[in-house]
Chemist: 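Let me begin by handing over the structure; questions about it come next.
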Amino acid sequence: QVQLVESGGGLVQPGGSLRLSCAASVTIFSVYNMGWYRQAPGKQRELVAGITSGGSTNYVDSVKGRFTISRDNAKNTVYLQMNSLKPEDTAVYYCNANTIVVHYWGQGTQVTVSS
């Protein structure tokens, strides 16, 4: 299986920034679509940002203009740059790699935005 490991989460004040990283065990970015999902306690997991194998990106409306997803194929890593963080961004953020029928998940990294 593809192993995904997230890092970069933490505690930040509103308006602050964090950069999440997702490191893959093997080269996957030329084949897989990648995404960042988040899930707050008691809520459904939602797609925050995605980047296709071809490099196209998409974002949930609530983070447009604030978050940027990118990839570094040489490092087998996908990033989520999060700026202007809001308390409602608080969640566990999960990295996902997927094709039409296969998906892999990381264990998640906690992001807490609090004043």
Side-chain angles (χ1 to χ4, degrees):
Q1 289 186 335
V2 173
Q3 305 293 319
L4 303 173
V5 180
E6 302 98 334
S7 62
L11 175 64
V12 65
Q13 292 187 338
S17 298
L18 286 173
R19 191 188 195 195
L20 306 184
S21 298
C22 173
S25 59
V26 297
T27 301
I28 61 171
F29 301 121
S30 64
V31 176
Y32 289 89
N33 304 306
M34 303 296 298
W36 285 98
Y37 291 71
R38 67 186 179 188
Q39 186 170 26
K43 297 184 178 181
Q44 286 190 263
R45 187 173 299 185
E46 68 171 346
L47 175 64
V48 177
I51 184 165
T52 69
S53 60
S56 298
T57 60
N58 64 284
Y59 303 89
V60 67
D61 286 345
S62 61
V63 309
K64 287 181 178 178
R66 300 189 297 121
F67 291 10
T68 303
I69 188 171
S70 62
R71 64 171 70 194
D72 185 334
N73 290 339
K75 296 181 178 180
N76 295 325
T77 302
V78 63
Y79 304 96
L80 184 67
Q81 178 67 47
M82 305 185 295
N83 299 325
S84 301
L85 283 161
K86 304 175 180 179
E88 52 262 44
D89 296 319
T90 296
V92 177
Y93 284 71
Y94 297 91
C95 182
N96 171 270
N98 69 90
T99 65
I100 293 294
V101 297
V102 178
H103 17 256
Y104 302 96
W105 294 93
Q107 293 299 306
T109 184
Q110 177 71 47
V111 171
T112 302
V113 185
S114 177
S115 60

Chemist: Name all residues meeting the side chain to side chain donor-acceptor pair (under 3.5 Å) criterion together with D89; count only those two or more places apart in sequence or in a different chain, and write none if there are none.
Modeler: R38, R66

Chemist: Which atom pair, heavy atoms only, marks the closest approach of G35 to L47?
Modeler: CA-CD1, 4.4 Å

Chemist: Grab the two heavy atoms, one from V48 and one from F67, that are nearest each other, plus how far apart they are.
Modeler: CG1-CD2, 3.6 Å

Chemist: Find the distance between OG (S56) and CD1 (I69) and round it off to the nearest 0.5 Å.
Modeler: 11.5 Å

Chemist: If every non-hydrogen atom of V92 is compared with every non-hydrogen atom of G108, which pair is closest and at what distance?
Modeler: CG1-CA, 3.8 Å

Chemist: Is there a donor-acceptor pair under 3.5 Å between the side chain of Y79 and the backbone N or O of T68?
Modeler: no

Chemist: Should V5 and W105 be regarded as members of a common hydrophobic cluster, given that ILVMFWY residues are connected when their side-chain heavy atoms come within less than 4.5 Å of each other, either directly or indirectly?
Modeler: no

Chemist: Rounded to the nearest 0.5 Å, what's the gap from OG1 on T52 to CG on N58? Could you check?
Modeler: 8.5 Å

Chemist: To the nearest 0.5 Å, tell me how far I51 CD1 sits from N33 CG.
Modeler: 9.5 Å

Chemist: In terms of hydrophobic clustering (I, L, V, M, F, W, Y; side-chain heavy atoms under 4.5 Å; direct or indirect links), are Y94 and V60 co-clustered?
Modeler: no

Chemist: Donor-acceptor pair, E6 side chain versus Q107 backbone, under 3.5 Å?
Modeler: yes

Chemist: Name each donor-acceptor pair under 3.5 Å that joins a side chain in residues 13-23 to protein atoms two or more places apart or in another chain, with its distance.
Modeler:
| residue | atom | partner | partner atom | Å |
| --- | --- | --- | --- | --- |
| S17 | OG | N83 | OD1 | 2.9 |

Chemist: Looking at R71 and Y32, what are the two nearest heavy atoms and their distance?
Modeler: NH2-O, 3.7 Å

Chemist: Would you mind reporting whether W36 and M82 have side-chain heavy atoms less than 4.5 Å apart?
Modeler: no

Chemist: Drop me the distance from T77's OG1 to M34's CE, to the nearest 0.5 angstrom.
Modeler: 9.0 Å

Chemist: Check A49 against Y59 and note the closest heavy-atom contact, atom names and distance.
Modeler: CB-CD2, 3.5 Å

Chemist: Got a second to check how far Y37's OH is from N96's CG, nearest 0.5 Å?
Modeler: 5.0 Å

Chemist: Counting only heavy atoms not in E88 (residues, nucleotides, ligands), do more than 12 fall under 6.0 Å from its CD?
Modeler: yes

Chemist: In Å and rounded to the nearest 0.5 Å, what is the CG to NE2 distance from L4 to H103?
Modeler: 12.5 Å

Chemist: Do T90 side-chain atoms and V113 backbone N/O form a donor-acceptor pair below 3.5 Å?
Modeler: yes

Chemist: Only counting residues at least two apart or in another chain, list the ones meeting salt bridge (Lys or Arg N to Asp or Glu O under 4.0 Å) with K64.
Modeler: D61

